[in-house]
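Counting convention: from 1, in listed order, for ligands and their atoms alike. In this text the structure is predicted, and so the values were computed from the model without any measurement.
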Amino acid sequence: MSDLLLRELSVAAFDCPVITSGHEDYDRYRKVWNGVADRRPAAIVRARGLEDVRKAVVAAARARTLLAVRGGGHSLPGLSTCDDGLVLDLAQLNDVVVDQEAQTVEVGGGALLRDLDQATIPLGYVVPAGVISHTGVAGLTLGGGMGWASRKYGLTIDSLLGAELVTADGNRIWTSRTSDPELFWGIRGGGGNFGVVTRFKFRMHPFGSIVAGQWNYEFGRTAQALRTLRDLARERPRDFTVTLTATASGLGVAAVWLGDERLADAMLSPLGELAGAGTGTIGPMPYLKLQSRNDEHFASSRRYYAKGGFWRDIGDEAIAHIVDVVARAPTPDCEIFAVQLGGAVCDISDAATAYTGRNAGYYWLSEPVWDDPADDEACLAWGRAAARSLSDPSMEGNYVNELGDAGADVAREAYGTEKYQRLARLKARLDPDNLFRLNQNIKPAGTAAV
Ligand SMILES: Cc1cc2nc3c(=O)[nH]c(=O)nc-3n(C[C@H](O)[C@H](O)[C@H](O)COP(=O)(O)OP(=O)(O)OC[C@H]3O[C@@H](n4cnc5c(N)ncnc54)[C@H](O)[C@@H]3O)c2cc1C
């Protein structure tokens, strides 16, 4: 199989680097963010432009090999790499072009969140995205995209105006509300199932100041603090967002206020005072700093797993389970994380995009982090068991981007039957042989494709 692939790659005559196992940079470019996903592809195409992407897609289809499309390389289950097949690495397609007059920005399919933020924030604009600056724009957007500005401006997909894709037959297409609207519906939450996105076009939002607060609560206060914070957060307008990180050593809380600076103290300080924080700070925070404050904690090559779900609200039962599971965590960096949703995320109906979970109040994650492969079994078991105990039975659906497991049932459960079937029909039209299957995979409707 890999001989056939290597032949196809050589026929394609790429202008960009094609790296195989003998190459001095092979180990550098085969690595992805999650150290658990240690795989050895037959070749890595480091695309520089649309033509390289088309050639790589055609070569993989002709060789009938696995094709892993890589944006930022942050897939939790390691879906942007593979053993033996072809990795299409888009890291060099990271250009960001701002049109200030139109308040839009075009972003290459391999750009990172920091590439996007560094181009827009200094001009006073933001595209709402995630909270760690080394995450890829592409994978994050195609699944939905949630972060500090979601309650104010919606998910990342809610600012998406259009995208250029290379489909399984090697053709280039543009999709938007008016150009193949069904595909535009599907790429807003349906992941990389329908083609390689080479360029996104987003609406930018004017952006003012940020005041951020962070507090630490000792372990014995975790339950009480969570109850108080939940009650406070319920009352806050959409300029306010809180995140919670519970570990065996206590509770870390971070909150931002994106509204009128004069109201910031009233909005933020009760989170420390009323909830009995041990330590804490409140102050203006530049957006770029906010976006990178946890970058090192989530450094590349550590070992990770995640499994999450939606909460309507943070229930008392979930709080009791959080305290219980973090006390039994196998390593100090195993955590339960939650980000507040609601606000603008709920302004759009659940049916309007493939993303599922518009009505949630929070997205939570059981997130073990470790370094020693000897801890794999204990950490994976902890992550899965913690997730089971934290699930809210009243919430259906899931966020495909934050699931550390991949498999036939994962996408079906995440989207629910009706959306899954609609996505499967779209998949059958655009990728009947399931070439793009290293993702939370939608099987093409009515075909026997793998
Ligand atoms: C440290 C960390 C922090 C995170 N924080 C957030 C957060 O704050 N908010 C949030 O919403 N999510 C967050 N996530 C989840 C994140 O959205 C997903 O992991 C996402 O898939 C990462 O995208 P990527 O391009 O980096 O990943 P990759 O591993 O490159 O790709 C992920 C998937 O998308 C496909 N894909 C990638 N690029 C393309 C493309 N150009 N065209 C078609 N398919 C493509 C891949 O084939 C793969 O299936 C975080 C993840 C990590 C690891």
Practice task
Can you run down the side chain to side chain donor-acceptor pair (under 3.5 Å) pairs that involve residues 363-374, sequence neighbours left out, and say none if there aren't any?
Solution key: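 Of all non-adjacent pairs touching residues 363-374, those that pass side chain to side chain donor-acceptor pair (under 3.5 Å) are R302-D371, Y363-N398, W370-D376.
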Practice task
Using salt bridge (charged side-chain N to carboxylate O under 4.0 Å, His left out) as the criterion, list what pairs up with K55, not counting sequence neighbours.
Solution key: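 For K55, no residue satisfies salt bridge (charged side-chain N to carboxylate O under 4.0 Å, His left out) once neighbours in sequence are set aside.
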Handout entry: Residue pairs involving residues 135-162 (criterion salt bridge (charged side-chain N to carboxylate O under 4.0 Å, His left out); sequence neighbours excluded)
Key = K152-D239, D158-R358
Handout entry: Spacing of L116 atom CG and Y125 atom OH [to the nearest 0.5 Å]
Key = 14.5 Å
Handout entry: Stacked cation flag R230 on W311, 6.0 angstrom / 45 deg
Key = no
Ligand 1 N/O to protein N/O, distances under 3.5 Å:
{"residue": "ligand 1", "atom": "8 (O)", "partner": "V131", "partner atom": "N", "Å": "2.8"}
{"residue": "ligand 1", "atom": "8 (O)", "partner": "M146", "partner atom": "O", "Å": "3.4"}
{"residue": "ligand 1", "atom": "9 (N)", "partner": "M146", "partner atom": "O", "Å": "2.6"}
{"residue": "ligand 1", "atom": "11 (O)", "partner": "M146", "partner atom": "N", "Å": "2.9"}
{"residue": "ligand 1", "atom": "11 (O)", "partner": "Y399", "partner atom": "OH", "Å": "2.6"}
{"residue": "ligand 1", "atom": "12 (N)", "partner": "E402", "partner atom": "OE2", "Å": "3.4"}
{"residue": "ligand 1", "atom": "14 (N)", "partner": "E402", "partner atom": "OE2", "Å": "3.4"}
{"residue": "ligand 1", "atom": "17 (O)", "partner": "N401", "partner atom": "ND2", "Å": "3.1"}
{"residue": "ligand 1", "atom": "19 (O)", "partner": "H74", "partner atom": "O", "Å": "3.0"}
{"residue": "ligand 1", "atom": "23 (O)", "partner": "L140", "partner atom": "N", "Å": "3.4"}
{"residue": "ligand 1", "atom": "25 (O)", "partner": "G72", "partner atom": "N", "Å": "2.8"}
{"residue": "ligand 1", "atom": "25 (O)", "partner": "G139", "partner atom": "N", "Å": "3.1"}
{"residue": "ligand 1", "atom": "26 (O)", "partner": "G72", "partner atom": "N", "Å": "3.4"}
{"residue": "ligand 1", "atom": "26 (O)", "partner": "G73", "partner atom": "N", "Å": "3.4"}
{"residue": "ligand 1", "atom": "26 (O)", "partner": "H74", "partner atom": "N", "Å": "3.1"}
{"residue": "ligand 1", "atom": "26 (O)", "partner": "G136", "partner atom": "N", "Å": "2.9"}
{"residue": "ligand 1", "atom": "27 (O)", "partner": "H74", "partner atom": "N", "Å": "3.1"}
{"residue": "ligand 1", "atom": "29 (O)", "partner": "H74", "partner atom": "N", "Å": "3.1"}
{"residue": "ligand 1", "atom": "29 (O)", "partner": "S75", "partner atom": "N", "Å": "2.8"}
{"residue": "ligand 1", "atom": "29 (O)", "partner": "S80", "partner atom": "OG", "Å": "2.6"}
{"residue": "ligand 1", "atom": "30 (O)", "partner": "G71", "partner atom": "N", "Å": "2.7"}
{"residue": "ligand 1", "atom": "30 (O)", "partner": "G72", "partner atom": "N", "Å": "3.2"}
{"residue": "ligand 1", "atom": "30 (O)", "partner": "G73", "partner atom": "N", "Å": "2.8"}
{"residue": "ligand 1", "atom": "38 (N)", "partner": "G71", "partner atom": "N", "Å": "3.3"}
{"residue": "ligand 1", "atom": "41 (N)", "partner": "G109", "partner atom": "O", "Å": "3.3"}
{"residue": "ligand 1", "atom": "41 (N)", "partner": "V197", "partner atom": "O", "Å": "2.9"}
{"residue": "ligand 1", "atom": "42 (N)", "partner": "V197", "partner atom": "N", "Å": "2.9"}
{"residue": "ligand 1", "atom": "47 (O)", "partner": "V69", "partner atom": "O", "Å": "2.7"}
{"residue": "ligand 1", "atom": "49 (O)", "partner": "L438", "partner atom": "O", "Å": "2.9"}

Practice task
Measure up the W33 and F298 rings against each other and bin them: parallel (under 30°), tilted (30 to 60°), perpendicular (over 60°).
Solution key: tilted
